[in-house]
There are 2 protein chains.
Amino acid sequence: MSVTLTATDGRIIGERAAATRRRLLDATVKLLNTEGVLDLKVVDITREAGAAPATFYQYFADLDSAILALVDDATEDERPLAAMLDAPWTTAADWVRCREFVDAYGVYWNDHQRVITLRNLRADEGDASFRGARVRADLLIIRKMADMVRASQEAGRLPGLLDPFATAAGMRAMADRLFQHEASIRLRGTTREGLRTTIAAILFHTLSGIAPPVSG
Amino acid sequence: MSVTLTATDGRIIGERAAATRRRLLDATVKLLNTEGVLDLKVVDITREAGAAPATFYQYFADLDSAILALVDDATEDERPLAAMLDAPWTTAADWVRCREFVDAYGVYWNDHQRVITLRNLRADEGDASFRGARVRADLLIIRKMADMVRASQEAGRLPGLLDPFATAAGMRAMADRLFQHEASIRLRGTTREGLRTTIAAILFHTLSGIAPPVSG
DNA sequence: TGTACATCAGTGAACGCGCGTTCACTGATGTAC
DNA sequence: TGTACATCAGTGAACGCGCGTTCACTGATGTAC
C-alpha cells in the first residue's frame, strides 16, 4: 500500500518533504473540523501548518487534489470495516458481531466525517473525481451488505420485494446520518449506547431478517 | 400563513417588489441546482434574475437570509407530509398508505433537495439559525415516526431496545439518502418503483413492526 | 574531518481577479386635485 | 382627463478586500573527494 509521493513538478520527494505534505493534510482536516466545509482556504491551511502559501503548491495542484488525498485515506480505513462483513449474520448469536461492527463504524465515521461530507457534496455536484471516489468507497461496504440481503432472501428470512442494493445503500445512509447527528440526538435523551444499539438493531433485522435479542 | 414582506430598510413592499424578491429566490434555487452549493454567488443570482446586484440587498441582508427564506418554504411543504403520518400504520392494509407517503416524500425531496442539503451543511457547521431551522423541520416528521415506534413497542410488535427517536431519525435519513442518490442507484439496475418499494418496505417494517406484503 | 558543490525544500512578496457591498442616482407607479 | 408631486423600485459604477497562484529567490541537507 506504500505509494511513491511526487511533488507537483514530478520530483520524487524525500522524508522531510513527505512530512511537510502530511502536515498540510493534517491542517486541512483540522480546519474542516473547526471552520467547516464551506470556507476552506489554501491560505488558511498553510498558516495552520506553519508554512508559506507557496509550499502548498509544491505538493498539490489545488485544493481539490489535497481533499482527494484525504478521501483516499478515508477509503483505506474502510477496508477493515468491510472485512468485518465477510461472514454474514445468520443466527441470533451474530448479534454480537453486528454490535462490534457498529462500534468500529463509529470510530471510522468520527475520524473522517467532514472529509466524507465534502466528498459527497462534490460528488453530488457532478465532479467526476469525487464521484469515482465515492462509488469506490461505497461499494466496499454496500456490496457486502447487499450480499447479505440476497442470502437472507434466499433463506426465506427477508421478503423478495426488497432490492438488495437499495436496501444496503439505505442502511449505510442510516448509519452515517445517525453518527453524524449523534450530538443532537443525544440532546433528546438518547444515550450513546442506546443510539448504537438502535443502529445495530435496525441493521441486524433489515440485513439478516432475524429479530435482535430482547435486551441489547 | 401569509406574511407581510419588508425590504431590508423596513419598508413594506408592494406587488411589484414582491415579484422581484420571488424572482431572486427562484434564481437562487436554479443556481443551487445547476451550479451546486459550494459556489453560489450573489452576483450570479442577480444576473440569473435579470437584476442588478444592488437589488438583491433591497430584499436580503445577505446570502444566508435568502437561503433561510428558501428553507422556510421547504419546511412549509413538509407539513402535509407529516400530516400523512397522523394515523399510524397498524395493520398490513396500511402498507398502501405507507407507499403513498413514500411517493409524496419523493416529490417533496425532489423540489427541495439542494436547499435542504445546504441547510444541513450550515447546521452541521454550527450556525444557530440553520440549526434551528433543521430541528424545526426534522421534528415535524420524526416526532410522528417516533410516536409510531413507541405505539408498536407497546403493542408488542417491535423490540424495546429500539430508541424511538433514534429509529425515527434513522428512517428519515435513509429515505433522504436513497432519494438523493436515486440516479446512481438506478444505474446499478434498480428501477424507480423498486427503489421506492424498498424504502417503503424498510419504513413499514421498522416503524410498525409488521412485515410488508410479499408483493409490493 | 573538512570543504565544495549539487540537490532538495521552503518562502516573501507581489499580481490580478472576482466577489460583496454601497452610494447617489434614475426610472416607474400611484395619487391628489 | 391632465398635470404635479410623492413614493416605490431598481440600478450603474465603483471601492476595497481577500484569496489563489506564481516567481525568483534563500536556506537546508546530502554527497564526493
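A, B, ... follow the sequence lines: proteins, then strands. Residue 1 opens every chain.
Within 4.0 Å of A:Ala51, counting heavy atoms only, lie sugar-phosphate atoms of the nucleic acid but no base atom.
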For residues 20-27 of chain B, please give each side-chain donor-acceptor pair under 3.5 Å, one per line with the distance, not counting sequence neighbours.
from    : atom 1 : to      : atom 2 : distance (Å)
B:Thr20 : OG1    : B:Arg16 : O      : 3.2
B:Arg22 : NE     : B:Asp26 : OD1    : 3.3
B:Arg22 : NH1    : B:Asp73 : OD2    : 3.3
B:Arg22 : NH2    : B:Asp26 : OD1    : 3.3
B:Arg22 : NH2    : B:Asp73 : OD2    : 3.4
B:Arg23 : NE     : B:Ala49 : O      : 3.2
B:Arg23 : NH2    : B:Ala49 : O      : 3.0

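Contact between the side-chain N/O atoms of B:Arg11 and the OP1/OP2 oxygens of D:dT7 is not found at any separation under 4.0 Å. For B:Thr20, no side-chain nitrogen or oxygen approaches OP1 or OP2 of D:dA9 to under 4.0 Å.
The CD1-P distance, from A:Ile45 to C:dT11, rounds to 15 Å in whole Å. Distance CG (A:Asp9) to P (C:dG10): 12 Å, rounded to an integer number of Å.
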Convert the base pairs of DNA chain D into dot-bracket notation, remembering that pairs crossing earlier ones are written with [ ] and that bases paired across to another strand are shown as |; include only Watson-Crick or G-U pairs under 3.5 Å.
.||||||||||||||||||||||||||||||||
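Under the ring pair (Phe, Tyr, Trp, His ring centres under 6.0 Å) criterion, B:Phe165 pairs with no residue at all, not counting sequence neighbours. With sequence neighbours excluded, no residue satisfies side chain to side chain contact (heavy atoms under 4.5 Å, CB included) with A:Ala19. The salt bridge (Lys or Arg N to Asp or Glu O under 4.0 Å) test applied to B:Glu193 returns B:Arg99, not counting sequence neighbours. A search for side chain to side chain contact (heavy atoms under 4.5 Å, CB included) contacts involving B:Asp138 returns B:Arg119, B:Arg134, B:Ile142, B:Arg172, not counting sequence neighbours. Among residues two or more places apart in sequence or in another chain, the side chain to side chain contact (heavy atoms under 4.5 Å, CB included) test is passed with B:Ala83 by B:Asp86. Annotation: ring pair (Phe, Tyr, Trp, His ring centres under 6.0 Å) contacts of A:His181 (sequence neighbours excluded): none.
Side-chain atoms of A:Ser65 do not come within 3.5 Å of backbone N or O of A:Phe60 as any donor-acceptor pair.
Applying the side chain to side chain donor-acceptor pair (under 3.5 Å) test to pairs two or more places apart or on separate chains, those with a residue in residues 29-39 of chain A are A:Lys30-A:Glu48.
Considering only the side chain of B:Ile13, D:dA9 comes nearest among C:dT11, D:dA9, D:dT11. Taking the side chain of A:Tyr59 as heavy atoms from C-beta on, and the options C:dT11, C:dG10, D:dA9, the nearest nucleotide is C:dG10.
With contacts defined as side-chain heavy-atom distances shorter than 4.5 Å, the pair A:Arg188/B:Leu139 qualifies.
Applying a 4.0 Å cut-off to non-hydrogen atoms, none of the residues of residues 21-39 of chain B approaches DNA chain D.
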Might you work through the salt bridge (Lys or Arg N to Asp or Glu O under 4.0 Å) test for B:Asp147 and B:Arg150, ending with a clear yes or no?
CA-CA 5 Å; B:Asp147 287 346; B:Arg150 232 172 271 117; 2.9 Å; yes
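Within 6.0 Å of the CZ atom in B:Arg97, the count of heavy atoms belonging to other residues, nucleotides or ligands exceeds 12. More than 12 heavy atoms of other residues, nucleotides or ligands sit less than 6.0 Å from atom CG of A:Leu187.
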Close N/O contacts between protein and nucleotides 25-30 of chain C (under 3.5 Å):
none

Nucleotide by nucleotide, 5' to 3', does protein get under 4.0 Å of the base (B), only the sugar-phosphate (S), or neither (-) in nucleotides 14-21 of chain C, counting heavy atoms?
-----SSB
